[in-house]
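Some notes on the structure that comes next.
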Amino acid sequence: MTLFVDHDALRSEAARLSETSAYVDALAPSIPGNVDGGVGTAAILGIMSIFVESAGELSVALAGFGDAVSESADRYSEQDLAAADQVNAALWEEQR
């Protein structure tokens, strides 16, 4: 079985995940701190706190996933180089 891994595609996806994490993080200042909702103010602030907490978790997860994909791309590259070296060494010995 052959497994082809496009290293550039993996690195591109890792960068996209990291960029998306930064974008979600950059939205934080746009969340209002005060809400005038009358008797519903407490409920609105409670909902917003859950939303903000979830957005923070999303940002951390995207950054972590981006790091994992990037590390995977590095390991695939290292393994491909090691396998290519073994094949080249075997061919070299065969031609002697």
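Quick note: numbers below take in every heavy atom, side chains included, and nothing from hydrogens, waters or symmetry partners.
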Please round to the nearest 0.5 Å and tell me the distance separating atom [atom1] of [X] and atom [atom2] of [Y].
X   : Y   : atom1 : atom2 : value
D74 : L10 : CG    : CG    : 10.0 Å
S49 : I31 : OG    : CD1   : 11.0 Å
S70 : F65 : OG    : CZ    : 12.0 Å

S12 (side chain) donor-acceptor with D8 (main chain) under 3.5 angstrom: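 Here the side-chain-to-backbone pair does not exist.
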Main-chain N/O of V24 paired with S59 side-chain donor or acceptor, under 3.5 Å: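 Checking the backbone N and O of V24 against the side chain of S59, no donor-acceptor pair under 3.5 Å is found.
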Working for side chain to side chain contact (heavy atoms under 4.5 Å, CB included), residues L58 and L62: CA-CA 6 Å; L58 175 64; L62 287 169; 3.9 Å; yes
Smallest separation among heavy atoms of G66 and A14, with atom names: O-CB, 3.4 Å
E19: partners by salt bridge (charged side-chain N to carboxylate O under 4.0 Å, His left out), with sequence neighbours left out: none
Residues forming a salt bridge (charged side-chain N to carboxylate O under 4.0 Å, His left out) with D67, sequence neighbours excluded: none
Option among E78, E71, Q79 that satisfies the side-chain hydrogen bond (donor to acceptor under 3.5 Å, both in side chains) test with R75: E71
Evaluation steps, side-chain hydrogen bond (donor to acceptor under 3.5 Å, both in side chains), between R11 and S77: CA-CA 11 Å; R11 292 186 201 292; S77 292; 3.1 Å; yes
Anything under 3.5 Å between a donor and an acceptor, one on a side chain of residues 32-48, the other on a protein residue two or more places apart or in another chain? List them.
residue, atom, partner, partner atom, Å
T41, OG1, G37, N, 3.0
T41, OG1, G38, N, 3.2
T41, OG1, G38, O, 2.9

